[in-house]
There are 2 protein chains.
Amino acid sequence: MRPTVHDIAAEAGVSLATVDRVLNARPGVRQKTVAKVEAAVERLGYVRDVTAANLAKKRIYPLVFILPEGPNSFMRGLEAEIRAAMQRSPAERTSIRIETVPPFDAKAIVNILDSLDPAEVTGVALVATDTPDVTAAVGRLVENGVHVATLVSDLPGSQRIHYCGIDNLAAGRTAGGLIGRFRGGRAGKVLVVAGSMKLSDHMDRASGFAEVLAAEFPELEIVGPVETNDDADAVRQAVTAALEADAGITAIYSLGAGTRGLIEALAGQASRKLTVVAHEVTEHSRQALADGLFDAVINQDCGHEVRSAIRVLKARSDGLMPISAQERIRIDIFLRDNLP
Amino acid sequence: MRPTVHDIAAEAGVSLATVDRVLNARPGVRQKTVAKVEAAVERLGYVRDVTAANLAKKRIYPLVFILPEGPNSFMRGLEAEIRAAMQRSPAERTSIRIETVPPFDAKAIVNILDSLDPAEVTGVALVATDTPDVTAAVGRLVENGVHVATLVSDLPGSQRIHYCGIDNLAAGRTAGGLIGRFRGGRAGKVLVVAGSMKLSDHMDRASGFAEVLAAEFPELEIVGPVETNDDADAVRQAVTAALEADAGITAIYSLGAGTRGLIEALAGQASRKLTVVAHEVTEHSRQALADGLFDAVINQDCGHEVRSAIRVLKARSDGLMPISAQERIRIDIFLRDNLP
DNA sequence: CAATTTTTGATTTACGTACCTCAGAAATTC
DNA sequence: GAATTTCTGAGGTACGTAAATCAAAAATTG
């Protein structure tokens, strides 16, 4: 049997109340007595029964998720995962609220952040553009004791306690490695399509991609990146225009959203066999993989990201540091052959 | 506030004891009364507080893991993950024991399975060769009420309740898709190196690989598979011999273990630039990727597999069916660019 | 040494569920 | 309608921890 607080009390020769005071860092215990209790804990290998503790204190964690609204499939998938987490709320003792804002609207995010009552919210996870006003608003929240985590795209200079998402520099490098190897040494140009350079994830992917191409595949030349604000129609137009303007383009790296537009543009250029790598497994990209239109899709599991965000925010609310190694989100590569 | 059993009792107009009998499927309640309680549960949206329930019944789940001993890095990684799960035992209410057996020793596995006392073990997870005697021993155990899950490699015809591992047919197809694309349409031969065709995972990988090559990359011809019993020295010798015998080999797919031997063989053929895909991220394969000796490594996250096995065995012990969609283990692809 | 403050002990209630007993009510059978 | 069986109610204890109260003991101060 694992030891309980009673065993600790007996072992340390103190009362239950004192053990409780020490374990919960309550005041009014002499340093000498604290040491006695801690020694007993050590000797018996006591670990607090978290389920019993939670039952006793019936703590709940009010959390807020902020993410862009609109048709972006990835963001809608992310929202679905948050809703799935809401379903688990009773078991996880969370109380989750979702706030959506127009995409690329920093002001709207700032407004929501400023409207949150620190007394009623313990943690916030948000998907945001990396702009100074958002960073400042995050800082204000953190000052007021609310824990903030960034989701999908980081705010590097901010006070956020954790970034829940993939290493986008590595993702870009991976795309470079794949396209480089898929091209098998043949010279050509690679069109890079991005959403917005105000998004730190897009920035990082572009950098990582360029880095690997320069270092390992000098025969490939980058065209772009063109910015599309993640709008499918804009992607379609930009890609079509670029392909028609430059017959030397043999590959495309789409590092943002608007994948539907990319597929439409490729359908209009069916005669040209292009090597294509895009991001995020969605209904569209899945079909494009199956059809052989895409060669690979790089994915981040938004379910993992949401669950990680919740774990981290809960842990910090309890005064614990998240174990960063455990919270790393992996970069998934999907070919048509390993699609789930 | 979420409803409790007391609320259900009040709502249904019955006593606490009756609610308890209904919720825990105890006998002695008229069908009419059962319906009343169930209606109340439905109306109030009651969900049992699992932590409180676990606390009350202080159930523990005695589990046994069986896996091969020996220097195989992947298996040692697997064992490490099991030990990590043992560390979490108090919180997860498990009691885990590890049994190791000589690799490819079906008899030893059968002996252990037959020695287990169904009164003292609720679940078993095992890594096993797909032979009739093992399948039969699993059947005997299941008949005695012990739940059995296969780990890493499946026993397709057995009574196991669940297979915790990747879809190895898809893994083989993925390897085929990668090598095919990496070779970029250039004709050549691919050497396939396997451990043992008695392992269903190796069988499946070989099949999936051959399938994709035949369908999508007819310019690539398969040599092998050669069997090495996952022994590094055997791999080194087999690969060296094959490469020296056939100058047409331009790629290698190593679908088993003994990766160290493969690396040694490649080091001996440094002048020849081969496309190489292997399985499992280990110290050795990680280095080979970094050195550019391997182009890609296909991986299964054995931490996920162990955690999944525990979840599944616990769920079945509680009479629940595992949600198979949630328990699917993904196929990871690693290049040097996305190594964690 | 008395007065004060700090530390400790003893005890209780609560969290939500599981599981037990025993008495009494209701339904069924003869 | 009596005897039996089947249901139901009321109440309790337990799980391990949290959190509170109040009294008593110990240490510190003047």
Side-chain angles (χ1 to χ4, degrees), chain A residues 1-41 44-61 89-95 317-320, chain B residues 1-41 44-61 89-95 317-320:
Chain A
M1 282 303 280
R2 58 190 284 203
T4 74
V5 278
H6 295 86
D7 301 320
I8 301 300
E11 175 79 12
V14 301
S15 78
L16 215 57
T18 302
V19 172
D20 180 65
R21 290 181 185 113
V22 173
L23 289 180
N24 294 290
R26 275 186 259 278
V29 184
R30 229 178 321 163
Q31 188 50 49
K32 246 180 86 181
T33 317
V34 171
K36 270 204 297 185
V37 173
E38 279 169 350
V41 166
L44 299 186
Y46 168 82
V47 271
R48 171 198 256 113
D49 184 327
V50 191
T51 68
N54 282 338
L55 180 61
K57 65 179 159 192
K58 54 178 192 164
R59 185 173 186 353
I60 54 153
Y61 302 82
S89 272
E92 299 182 346
R93 311 195 111 79
T94 55
S95 156
S317 301
D318 290 337
L320 308 169
Chain B
M1 281 303 280
R2 58 188 284 202
T4 74
V5 279
H6 295 84
D7 301 320
I8 302 298
E11 174 80 10
V14 300
S15 78
L16 215 57
T18 302
V19 172
D20 179 65
R21 290 180 185 114
V22 174
L23 288 180
N24 294 292
R26 275 186 260 279
V29 183
R30 228 179 321 163
Q31 188 49 49
K32 247 179 85 180
T33 317
V34 171
K36 271 204 296 186
V37 172
E38 279 169 350
V41 166
L44 298 187
Y46 169 82
V47 272
R48 172 199 258 110
D49 184 327
V50 191
T51 67
N54 282 338
L55 179 61
K57 63 182 160 192
K58 53 177 193 162
R59 187 178 188 343
I60 56 152
Y61 302 83
S89 272
E92 299 182 346
R93 312 195 109 81
T94 55
S95 156
S317 302
D318 289 336
L320 307 169

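Chain letters run A, B, ... following the sequence lines, proteins first, then strands; residues in each count from 1.
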Nearest-neighbour nucleotide for the [X] side chain, [options] considered:
X	options	result
A/K57	D/dA19, C/dG16, C/dG9	D/dA19
B/L55	D/dG16, C/dA18, C/dT17	D/dG16
B/R30	D/dG16, C/dT17, D/dC7	D/dC7
B/H6	C/dG16, C/dT17, D/dT17	C/dT17
B/A17	C/dT17, D/dT17, D/dG9	D/dG9
B/Y46	C/dT17, D/dG9, D/dA18	C/dT17

Heavy atoms only, 4.0 Å cut-off, all strands: where does [X] land among base, sugar-phosphate and nothing?
X	result
B/D20	base
B/N24	sugar-phosphate
A/A53	sugar-phosphate
A/R48	sugar-phosphate
A/V50	nothing

Starting from [atom2] on [N], measure out to [atom1] on [X] and report it in whole angstrom.
X	N	atom1	atom2	result
B/D49	D/dC15	CG	C1'	13 Å
B/K32	D/dC7	NZ	P	13 Å
B/N54	C/dC19	CG	P	11 Å
B/L16	D/dG9	CG	C1'	10 Å
A/K36	D/dA26	NZ	P	12 Å
B/R59	D/dG16	CZ	P	16 Å
B/I8	C/dG16	CD1	C1'	12 Å
A/L23	D/dA19	CG	C1'	13 Å

Legend entry - Distance test, side-chain N/O of A/T18 to OP1/OP2 of C/dG9, below 4.0 Å: yes

Inset, instruction - Would you sort out whether B/I8 and B/V22 count as a side chain to side chain contact (heavy atoms under 4.5 Å, CB included), showing the intermediate values? - result: CA-CA 11 Å; B/I8 302 298; B/V22 174; over 6 Å; no

Inset, instruction - Find the distance between OH (A/Y46) and NE2 (A/H6) and round it off to the nearest 0.5 Å. - result: 10.5 Å

Legend entry - Reported CZ-to-CG distance for the pair B/R2 and B/D7, which is rounded to 0.5 angstrom: 11.0 Å

Inset, instruction - Could you tell me whether a side-chain N or O of B/S89 sits under 3.5 Å from a main-chain N or O of B/T94, the two making a donor and an acceptor? - result: yes

Legend entry - Test item: A/D20 side-chain N/O and A/L16 main-chain N/O as donor-acceptor pair under 3.5 Å: no

Legend entry - Whichever of B/R21 and B/K58 has its nearest DNA chain D nucleotide further upstream toward 5': B/R21

Inset, instruction - Tell me, with the steps shown, if A/T51 and A/N54 meet side chain to side chain contact (heavy atoms under 4.5 Å, CB included). - result: CA-CA 5 Å; A/T51 68; A/N54 282 338; 5.8 Å; no

